[in-house]
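See structure below.
Heavy atoms only: backbone and side chains are in, while hydrogens, waters and symmetry mates are out. Labels below follow one simple rule: chain letters A, B, ... track the order of the sequence lines, proteins then strands, and each chain is numbered from 1.
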Amino acid sequence: MRRERLTAKMLNLSYTIESAQPLTFYGDYEKEFGRVTYPVGNALVEAEFINGQETTISARRSDGISVRGEIASRFRLGDDIVSMYDAISTDRKISAAIGQFRGMRVTKNEPWETSVCFIISQFNNLKRIRRIVRNLMERFGEPIEGFRGETRYSFPSAESLSEARIEDIMRCGTGFRAKYIKSAAEYCSGSLDLDSISKLDYNSLKAELMEIKGVGEKVADCIALMGYGKMEAFPVDVWVKRSMEMMYFNGKNKSLKEIHSYASRKWGDMAGFAQQYVFWYGRSNLRG
DNA sequence: ACCCAGGCGGGCG
DNA sequence: CGCCCGCATGGG
């Protein structure tokens with residue numbers, strides 16, 4: 001497979017891959033090589049990131065299709081990253097977060113895969129989310145031969161998971177989320193077309209997503225942000241709540257509604273980009 | 001042993 | 001609307 005090259009500025013692969021996005025859960029990241037490998041449909045994509053003045057990306061995919069579109073879309077290479085940083089650098093607190101993780105990008109992933117990852121994320125921790133997703137891929141995905149002869153797996157489709165037995169889904173370690181996965185798979189392989197709702201505006205999209213059992217406000221915001229690229233979405237989990245309270249409310253307890261409206265006023269249509277920094281900054285520095 | 005994790009559905013006032 | 005509870009599982 002021929003490699004293709006792209007360039008990007010201010011793109012840090014480690015922060016992007018490690019910061020609890022879908023590629024954190026189903027991508028294989030080899031830090032020492034700056035290389036990430038992940039399935040796209042039943043094909044495999046490999047991308048190596050070489051840091052320099054700009055970041056050079058050398059990528060290939062297993063099915064012979066040009067990989068450029070996939071990389072450009074996944075890592076949002078068309079974004080004007082300078083003006084995005086400009087838009088969210090509103091104060092010293094967020095600037096500190098940006099300074100610590102400069103180059104961390106919000107990725108744009110496949111909606112179904114994003115939905116499953118964040119349904120699993122509820123009341124869970126990063127390590128377990130990753131293991132559960134891997135188990136689902138091994139059990140319900142299709143095997144793909146890796147670039148070095150190793151066996152990897154595709155992300156299981158909604159159709160295949162809709163036919164799975166709950167107890168077999170549970171066997172992947174999903175716990176009480178198994179019924180949500182099964183029901184979401186039935187819904188998304190049946191009456192809901194996740195592709196067709198991509199044209200909706202943020203609020204309508206979020207409402208549609210919340211019709212999926214197991215998808216509440218936070219998960220819907222994660223799917224809107226990382227599955228549909230809605231940068232105004234601002235998912236508030238325990239870490240974002242904690243961080244926002246520390247950064248902007250003197251550590252005082254605030255409701256989700258207050259945090260949402262504050263973030264929306266402050267960062268507007270770039271709130272989701274800011275959220276990734278608030279989240280990862282808080283989780284990295286406040287933990288323990 | 002106890003507490004927590006990128007929350008949600010359901011029931012109640 | 002807001003509040004409270006239970007929930008599978010594994011790691012600290």
Distance in angstrom units between A:Trp239 CH2 and B:dG7 C1', rounded: 15 Å
Distance, rounded to the nearest Å, where A:Leu256 contributes CG and C:dC3 contributes P: 10 Å
B/S/- contact track for nucleotides 8-13 of chain B, protein heavy atom under 4.0 Å: SSS---
Pairs flagged by salt bridge (Lys or Arg N to Asp or Glu O under 4.0 Å) wherever residues 214-241 of chain A is involved - sequence neighbours left out: A:Lys206-A:Glu217, A:Lys206-A:Asp221, A:Lys241-A:Glu245
Qualifying ring-ring contact (aromatic ring centres under 6.0 Å, His included) pairs with a residue from residues 163-189 of chain A, counting only residues at least two apart or across chains: none
Between A:Ser261 and A:Ser264: side-chain donor-acceptor atoms closer than 3.5 Å: no
All pairs passing side chain to side chain donor-acceptor pair (under 3.5 Å) where residues 17-28 of chain A contributes a residue, at least two apart: A:Glu18-A:Lys31, A:Ser19-A:Gln21, A:Ser19-A:Gln276, A:Gln21-A:Thr107, A:Tyr26-A:Arg74, A:Tyr26-A:Glu113, A:Asp28-A:Arg134, A:Asp28-A:Arg152
Residues in contact with DNA chain B, drawn from residues 13-24 of chain A - heavy-atom cutoff 4.0 Å: A:Ser19, A:Ala20
DNA chain B contacts made by residues 270-281 of chain A, counting heavy atoms under 4.0 Å: A:Gln275, A:Gln276, A:Phe279
Ring pair (Phe, Tyr, Trp, His ring centres under 6.0 Å) against A:Tyr15, all qualifying residues, sequence neighbours excluded: A:Phe101
Test of ring centre spacing under 6.0 Å for A:Tyr262 and A:Phe249: yes
Pairwise salt bridge (Lys or Arg N to Asp or Glu O under 4.0 Å) hits with a residue in residues 87-97 of chain A, at least two apart: A:Asp91-A:Lys266
Selection residues 169-184 of chain A - residue pairs positive for salt bridge (Lys or Arg N to Asp or Glu O under 4.0 Å), sequence neighbours left out: A:Glu167-A:Arg171, A:Asp168-A:Arg171, A:Lys182-A:Glu186
Whole angstrom value for the distance that separates C1' of B:dC4 from NZ of A:Lys241: 15 Å
Interatomic distance, A:Phe176 CZ vs B:dA5 C1' [rounded to whole Å]: 10 Å
Protein-nucleotide distance (A:Ile132, atom CD1; B:dG7, atom P), rounded to Å: 13 Å
Between C1' of C:dA8 and CD1 of A:Ile119, the distance in whole Å: 16 Å
Atom-to-atom span, CZ of A:Phe25 to C1' of B:dA5 - whole angstrom: 11 Å
A:Lys9 with A:Glu54: basic N within carboxylate O range, under 4.0 Å: no
A:Thr37 and A:Tyr29: side chain donor to acceptor below 3.5 Å: no
A:Ser204 versus A:Asp201, side-chain donor and acceptor atoms under 3.5 Å: yes
Ring centres under 6.0 angstrom apart (A:Phe234, A:Phe273): no
Using residues 207-216 of chain A as the side-chain source, report each donor-acceptor pair under 3.5 Å to any protein atom, sequence neighbours left out, with the distance given to one decimal.
none

Where DNA chain B forms stems, i.e. three or more consecutive Watson-Crick or G-U pairs with both distances under 3.5 Å: B:2-5 with C:9-12, B:7-13 with C:1-7
Separation between the C1' atoms of B:dG6 and C:dC3, rounded to whole Å: 22 Å
For nucleotides 9-12 of chain C, give me every protein contact, N/O to N/O, under 3.5 Å, one pair per line with atom names.
from  : atom 1 : to       : atom 2 : distance (Å)
C:dT9 : O4'    : A:Arg128 : NH2    : 3.2
C:dT9 : O2     : A:Arg128 : NH1    : 2.9

Under 3.5 Å side-chain donor-acceptor pair for A:Trp267 and A:Thr90: yes
Nearest-angstrom distance from the residue atom CE of A:Met244 to P of B:dG6: 19 Å
Under 4.0 angstrom between A:Lys257 side-chain N/O and C:dG2 OP1 or OP2: yes
No-hydrogen, no-angle side-chain donor-acceptor test under 3.5 Å, A:Glu159 and A:Ser162: no
